[in-house]
Amino acid sequence: MNTRPKIKPILTTTDKAIELVGWLALIGIWVLTLVNYSSLPETIPIHFNGAGKADGFGNKENILSLPIVSTILFIGMTVLNKYPHVFNYPSTITKENALPHYSNATRMIRFLKLIIVIVFGLIVFKIIENVKGNADGLGTWFLPLILGLIFIPTAYYLIKAIRFKNKKLGL
């Protein structure tokens, strides 16, 4: 069995800032939801198609699932981030290369959990705007934006990890 070193990456100022913004965004999604909850009609849009148009409706209680799920994901990823030695890496992890790989991977998770909260917050915001009559669906930009927010940082950090591996191999 391959045992990786259990090294805790040191949080940089950037890491701390991302973490703080993530927690503030999580609080923000709850505030946005709870402040607007009582003024929502009993039926709200709860599903949108790929073009951003509402195609499913349900009770207003369904809007609470968005901050609940984002909170579970955020906290789950926060806990997972404490164990970078269990992540998958594009190269063998040794005592010599563990710290940069762990730091890179944990920062990627930090960005992703922030993005998840932002995405869920945007959905809550757009649902509220829809029921107020200020918007019609999520908009055609929503799906490409979400895909970009998720895949661009992921690709960046994976490329960074692969470059580090190739640099160590002398390629």
Side-chain angles (χ1 to χ4, degrees), residues 9 11 14-90 102-162:
L11 293 179
T14 302
D15 294 320
K16 291 175 185 175
I18 296 166
E19 198 69 34
L20 177 64
V21 171
W23 283 103
L24 292 174
L26 188 61
I27 292 167
I29 190 175
W30 277 103
V31 169
L32 178 65
T33 304
L34 296 175
V35 164
N36 288 285
Y37 183 78
S38 63
S39 65
L40 292 174
E42 285 305 313
T43 302
I44 61 169
I46 60 168
H47 190 270
F48 299 86
N49 64 22
K53 297 290 182 192
D55 64 358
F57 298 87
N59 295 331
K60 74 179 188 177
E61 290 83 20
N62 286 305
I63 201 167
L64 296 172
S65 65
L66 295 166
I68 289 169
V69 170
S70 64
T71 300
I72 291 168
L73 289 171
F74 189 89
I75 292 172
M77 292 173 79
T78 300
V79 171
L80 176 66
N81 229 8
K82 295 185 182 302
Y83 305 98
H85 61 279
V86 302
F87 296 176
N88 287 325
Y89 295 93
Y102 291 0
S103 297
N104 186 49
T106 56
R107 183 169 292 172
M108 179 183 72
I109 297 295
R110 257 183 214 93
F111 267 117
L112 288 176
K113 67 184 191 174
L114 171 61
I115 289 165
I116 286 169
V117 173
I118 289 170
V119 167
F120 277 82
L122 283 171
I123 294 169
V124 168
F125 175 75
K126 291 301 279 185
I127 288 172
I128 292 166
E129 289 297 299
N130 273 268
V131 299
K132 287 181 178 179
N134 298 334
D136 182 28
L138 296 175
T140 56
W141 56 268
F142 193 79
L143 185 58
L145 173 71
I146 299 317
L147 292 174
L149 282 174
I150 292 169
F151 290 116
I152 291 170
T154 303
Y156 170 79
Y157 284 104
L158 289 175
I159 290 167
K160 197 171 168 182
I162 291 167

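One distance of note links CD1 of I18 with CZ of R107; it measures 5.5 Å at 0.5 Å rounding. If you take CG on L122 and CG on L32, they are separated by 10.0 Å, rounding to the nearest 0.5 Å. Note: I72 CD1 to M77 CE = 14.0 Å, rounded to the nearest 0.5 Å. A distance of 12.5 Å separates CG in D136 from CD in E129, rounded to the nearest 0.5 Å. H47 NE2 to L138 CG: the interatomic distance, rounded to the nearest 0.5 Å, is 10.0 Å. Separation of atoms CG (L80) and CD1 (I109) is listed at 6.0 Å; rounding is to 0.5 Å.
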Show, in sequence, the C-alpha distance, side-chain angles and deciding distance for M108 and N104, and conclude whether the side chain to side chain contact (heavy atoms under 4.5 Å, CB included) test is met. CA-CA 6 Å; M108 179 183 72; N104 186 49; 5.9 Å; no
Stepwise side chain to side chain contact (heavy atoms under 4.5 Å, CB included) check, V117 with T71: CA-CA 8 Å; V117 173; T71 300; over 6 Å; no
After noting the C-alpha distance and the side-chain angles of F142 and F48, does the key distance pass the side chain to side chain contact (heavy atoms under 4.5 Å, CB included) rule? CA-CA 10 Å; F142 193 79; F48 299 86; over 6 Å; no
I would like to know whether I63 and N36 meet side chain to side chain contact (heavy atoms under 4.5 Å, CB included); could you show each step before the answer? CA-CA 10 Å; I63 201 167; N36 288 285; over 6 Å; no
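Test N62, T43, I44 against F57 for side chain to side chain contact (heavy atoms under 4.5 Å, CB included) and you get one pass: T43. Paired with F74 under the rule ring-ring contact (aromatic ring centres under 6.0 Å, His included), one option of W30, F120, W23 passes, and it is W23.
Between N130 and A135, the closest heavy-atom pair is OD1-O, 3.3 Å. Shortest non-hydrogen contact noted between K60 and Y37 is NZ-O, 3.4 Å. When all heavy atoms of P41 and V131 are compared, the pair lying nearest together is CD-CB, 3.8 Å. A25 and L114 make their closest contact through CB-CD1, 4.3 Å (heavy atoms, listed as atom of the first residue, atom of the second, distance). K16 approaches L11 most closely through the heavy-atom pair CE-O, 3.8 Å. Closest approach of G121 to I29, counting heavy atoms only: N-CD1, 3.4 Å.
A ring-centre distance under 6.0 Å is not found for Y102 and F87.
I127 has its side chain out of reach of I46: every pair of non-hydrogen atoms, C-beta onward, lies at least 4.5 Å apart. Under the 4.5 Å side-chain criterion, counting only non-hydrogen atoms from C-beta, K113 is not in contact with L26. Between D15 and T106 there is no side-chain heavy-atom pair separated by less than 4.5 Å.
For H85, the side-chain hydrogen bond (donor to acceptor under 3.5 Å, both in side chains) criterion is met by no residue, not counting sequence neighbours.
Enclosure of atom CG in D55 by more than 12 non-hydrogen atoms of other residues, nucleotides or ligands within 6.0 angstrom is indicated.
Judged purely by atom type and a 3.5 angstrom limit, S70 uses its side chain to pair as donor or acceptor with the backbone of P67. At distances below 3.5 Å, at least one donor-acceptor pair connects side-chain atoms of N49 with backbone N or O atoms of A51.
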